[in-house]
Amino acid sequence: MVTIKDIAKRAGVSFSTVSKALLGNPNIKAVTKERIWEIAREMGYQPNIAARSLVSRKSGAIGIIWPTVERGALSSLITKLNDELERRGYTTLLSISRTDAAIESFNRYRMDAVLLFGDHSGNRDELSGIGSMQSPLLVYGAAGSHPFSTVDVNRGQAIRLAVRHLAELGHSRIAYLGRPDGDDPMQTVKIEAFLDEARTLGLRVDDESILRIEGLETHDGYIAAEAMFGWPSPPTAVISGGVDLTRGIYRAARERGLRVPEDLSVVSYDNIPLMEDLDVPTTAVGVSVHAIASVIAEALHKLIEMSDEQLTIALEPEIVVRSSSTRLQ
DNA sequence: GTGCCTAAGAGTTTCAGATC
DNA sequence: GATCTGAAACTCTTAGGCAC
């Protein structure tokens, strides 16, 4: 392996001069810098990250504890987030282990900061190891349900936008496909907002307004929609808790020969480009993944630079109207 | 054999000082 | 003042020496 000492020997300068030249220090003559860069290129020099982090006390790596790799919206977000962090000079390490196991690994690898997805924040069992966290921690989602720095979307407001949009189109029998049970505060806040906004607008709210599901994946959406279509008087519009659930709804509708939006208007949470490419270009509420990724990356950078800082950042959602929602026939 | 302590080593950055 | 050098420092692991 080529080190700065090898380059120094070849260039006939000290290794501290090589270090400064490669870092662009203005106290090194331009011609010396050029010569050192040329030799470094010739010798195939690659900086030793371990040694560099020894001095800087920074690894340049950010650990992300991710809930699952199976959900479309999350894949979209992780891709954008990785781009944003790379642009700021960080390497991303992703863990889909239990939170406590992930924290242990990230401590070992000396992450500069760790991002935790709010899905985990209600699970006290998994959070038992969080006290041993040696890096700044940022939680995405579930603001108010934990004491850590947070970036969160105003999910309740997003669902309110969806309810208002459908009400304006004349729908009064609207269902929400979400998960009322369990310990995920990010889902609970959406359901509470749905019920509150529906009551405020004088819409019909009953036991069938919330479609109970086991998880947030396509299959869960399919099973719930199947049950809904079997009711004697199914709703004319549905708000879905996420893109994968929406896929499940479309599959169930297709199998029954139902059309979206003619027979059922659909509005989905998750403001991601993928919504444009579903069976029906889908009306979506939320914050764009690009904006979320950019804000998270900036917040992580801030936490690394000022580790004592406590951040709470709320993002306001928008509605993007597409052809999956229409006026009640 | 076990336990404890100390020194060395890894590659890089950065500060203080030397040279021109 | 510009440019460069030398040495210390960073953290952790491993090896060697010593006492029991």
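Quick note on labels: first sequence line is chain A, next is B, and so on, each numbered from 1. Note that these values count all heavy atoms, side chains included, but never hydrogens, waters or copies made by symmetry.
One atom, CD1 of Ile28(A), and another, C1' of dT14(B), lie 12 Å apart when rounded to the nearest Å. Rounded to an integer number of Å, the gap from Lys29(A) NZ to dC20(B) P is 13 Å. The distance from atom NZ of Lys20(A) to atom P of dA2(C) is 14 Å, rounded to the nearest whole Å. Regarding Leu23(A), its CG atom lies at a distance of 10 Å from the P atom of dT12(B), rounded to whole Å. In this structure, the NZ atom of Lys9(A) is 19 Å from the C1' atom of dT12(B), given to the nearest Å. Between the CG atom of Asn25(A) and the C1' atom of dT13(B) there is a distance of 11 Å, given to the nearest Å. In this structure, Gln46(A) atom CD and dG11(B) atom P are separated by 15 Å, rounded to whole Å. Whole-Å rounding puts the Phe15(A) CZ to dC4(C) P distance at 16 Å.
In this structure the side chain of Tyr269(A) never reaches within 4.5 angstrom of the side chain of Leu245(A), judged on heavy atoms.
An OP1 or OP2 oxygen of dT5(C) is reached within less than 4.0 angstrom by a side-chain nitrogen or oxygen of Thr17(A). For dT13(B), the OP1/OP2 oxygens have a side-chain nitrogen or oxygen of Ser19(A) closer than 4.0 Å. For dT12(B), one of the phosphate oxygens OP1 or OP2 lies less than 4.0 angstrom from a side-chain nitrogen or oxygen of Tyr45(A).
Taking the ring centre of Tyr222(A) as origin, the terminal cationic atom of Arg251(A) falls inside the region bounded by 6.0 Å and 45° from the ring axis.
Nearer the 5' end of DNA chain B, as judged by each residue's closest nucleotide, is the contact made by Asn48(A), out of Ser16(A) and Asn48(A).
No hydrogens or angles were tested; on distance alone, nothing pairs the side chain of Thr3(A) with the base of dG11(B) as donor and acceptor under 3.5 Å.
Here the CD1 atom belonging to Ile239(A) is positioned 5.0 Å from the CG atom belonging to Leu166(A), to the nearest 0.5 angstrom.
Under the 4.5 Å side-chain heavy-atom criterion for grouping Ile, Leu, Val, Met, Phe, Trp and Tyr, Leu258(A) is not connected to Ile223(A) through any hydrophobic cluster.
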